[in-house]
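Reading through the structure tokens given below for one structure.
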Amino acid sequence: MTQPKTPTPTLRLNVDTAALTDNWRALDHISGSAKAGAAVKANAYGLGVDRCVPALRDAGCETFFVAHWVEVEAVARHVPASSIAVLHGVISSSEIEYAKASGAVPVINSVEQARAWNDAGGGRCHLMVDTGINRLGIAPDEIIATEVQALTVDTLMSHLASADEDNASNAQQLQAFRAAIGRIAHKHASLANSAGIALGLDYAFDATRPGLSLYGGVPRAELTDVIKPVARIEAAVLQVRILEAGDRVGYNGEYTATQSIRAGTVSIGYADGFLRIRGPGASLKAKDALCPVIGKVSMDMIVVDLTAAPDTAAGDYLRVPFVLPDVAQQSSVSQYELLTTIGRRLNG
């Protein structure tokens, strides 16, 4: 029996890979003599490893960062495993075995990880030193530990806590990182994420690690005219109905119609990353017409007022706003969360 053809999806995620590669090239240029890599963790920030990694590779990107070892295989379909850095390091023997077998490179984050890596034969690794974010990384005074000094460090790195702000901690972390550089042998040094790149060449060192801005995020004003939107989301109208004055919409009936209106039920909800907090004050677009969201966002659906788009019918697609800085400001959801909460249905 032949498999039936899958119907046309009622959700569309269109990824502009030309804009993605333009963003990478711009960030690489701003990095000066440093080489920009690419954070592709969380399925390329929700936009799809299979779409994004080949485009970044072909643009000239040579280093790719993931968080989990389970993310390596998908990225390694497109680039050599030796170009993939795993930020969470190695906390178990199975992860060390996988690193050795795959060739992906662990980022060592503690003296214990350093000891385990050395005991397994060592080899090329990266090293994270914590300069003030207090997440992962060895403390600066642990750099002199015998286990750490025995590492074969390719890239010595740290991570900025407040690069998206004009914060004194940025300069403090820069100073701490410079001090760490002279205390262990390494080939390359890396400090700046997307926002860190915008802080200037003092933060660039040998390699930068953009993530958010590759995908259309603007963490600092200096990048406003540099970064292009990458993702475009569209959702189909499932049903159109007439609401009369007094009709209530959605869970708990938080919206009540004050007059007769055409309302459309649209195929997107919080399971697709359109979180409930994004509902109030938000509008979808039918061509250039705004269609305000009414009522609570459901798991798979929202309802919009179609008054400004009287010709819209079931099966038509509405554009879901996704210029990240604008949507973040409107919804109070961070640009990072807007991207990474995109649901699997949008990624096919």
Side-chain angles (χ1 to χ4, degrees), residues 20-42 44-45 52 56 59-67 83-87 105 107-109 126-138 140 153-184 186-228 324-325 334-336 339:
L20 172 70
T21 56
D22 283 349
N23 290 344
W24 180 83
R25 290 188 181 103
L27 293 162
D28 185 57
H29 176 73
I30 297 170
S31 299
S33 62
K35 181 73 171 179
V40 295
K41 57 188 179 177
Y45 283 51
C52 297
L56 292 165
C61 185
E62 297 174 354
T63 308
F64 301 84
F65 297 89
V66 298
S83 69
I84 303 169
V86 183
L87 294 164
V105 186
V107 177
I108 302 299
N109 292 298
H126 306 306
L127 178 64
M128 178 72 72
V129 56
D130 180 76
T131 56
I133 196 171
N134 286 307
R135 294 190 318 186
L136 286 176
I138 63 169
V153 179
D154 184 311
T155 302
L156 179 68
M157 61 181 70
S158 190
H159 194 77
L160 294 164
S162 303
D164 56 343
E165 302 173 344
D166 292 326
N167 192 303
S169 69
N170 294 324
Q172 292 164 1
Q173 285 193 260
L174 176 61
Q175 182 179 7
F177 188 59
R178 283 176 171 161
I181 282 175
R183 302 177 73 189
I184 189 167
H186 60 279
K187 292 183 178 179
H188 311 287
S190 177
L191 177 63
N193 55 5
S194 292
I197 291 171
L199 291 176
L201 293 179
D202 283 348
Y203 291 81
F205 293 93
D206 304 308
T208 58
R209 310 190 306 272
L212 176 71
S213 291
L214 295 174
Y215 310 105
V218 181
R220 288 188 62 92
E222 294 93 334
L223 298 176
T224 299
D225 296 326
V226 174
I227 299 301
K228 299 177 180 179
L324 291 171
S334 80
Q335 296 178 63
Y336 298 90
L339 276 169

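Nothing fancy with the numbering, it's 1 onward along the sequence. From a predicted model like this one, the values you see are computed outputs, not experimental measurements.
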Point-to-point distance, once rounded to the nearest 0.5 Å, from [atom1] of [X] to [atom2] of [Y]:
X    : Y    : atom1 : atom2 : value
S334 : L324 : OG    : CG    : 9.5 Å
L191 : Y203 : CG    : OH    : 8.0 Å
D206 : S33  : CG    : OG    : 7.5 Å
I184 : I138 : CD1   : CD1   : 6.0 Å
L214 : I227 : CG    : CD1   : 7.5 Å

Minimum heavy-atom separation for [X] and [Y], please, with both atom names.
X    : Y    : answer
N23  : S213 : ND2-O, 3.5 Å
C52  : Y215 : SG-CE2, 4.1 Å
A207 : A34  : N-CB, 3.8 Å
G211 : A39  : CA-CB, 3.8 Å

Side chain proximity check, [X] to [Y], heavy atoms < 4.5 angstrom:
X    : Y    : answer
I133 : L160 : no
T131 : L174 : no
L20  : L56  : yes
V40  : V66  : yes
N170 : S162 : yes
L27  : T208 : no
D202 : R178 : yes

With sequence neighbours excluded, residues passing side chain to side chain donor-acceptor pair (under 3.5 Å) with [X]:
X    : result
Q175 : none
T155 : none
Q335 : none
D225 : none

* Asked: ring pair (Phe, Tyr, Trp, His ring centres under 6.0 Å): which pairs involve residues 157-180, sequence neighbours left out?
  -> F177-F205

So, using salt bridge (charged side-chain N to carboxylate O under 4.0 Å, His left out) as the criterion, who are the partners of [X] when residues are at least two apart?
X    : value
R183 : none
E62  : none
D164 : none
K187 : none

Do the side chain of [X] and the main chain of [Y] share a donor and acceptor less than 3.5 angstrom apart?
X    : Y    : result
R220 : A163 : yes
W24  : A36  : yes
S158 : V129 : yes
N193 : R209 : no

* List for me each residue that meets side chain to side chain contact (heavy atoms under 4.5 Å, CB included) alongside I30, sequence neighbours excluded, and say none if there are none. => I197, L223, V226

* Asked: With V107, which residues qualify under side chain to side chain contact (heavy atoms under 4.5 Å, CB included), at least two apart?
  -> A85, L87, N109, H126, M128, M157

* Structure fact -> Contacts satisfying salt bridge (charged side-chain N to carboxylate O under 4.0 Å, His left out) that involve residues 21-35 (not counting sequence neighbours) are D22-R25, D22-K228

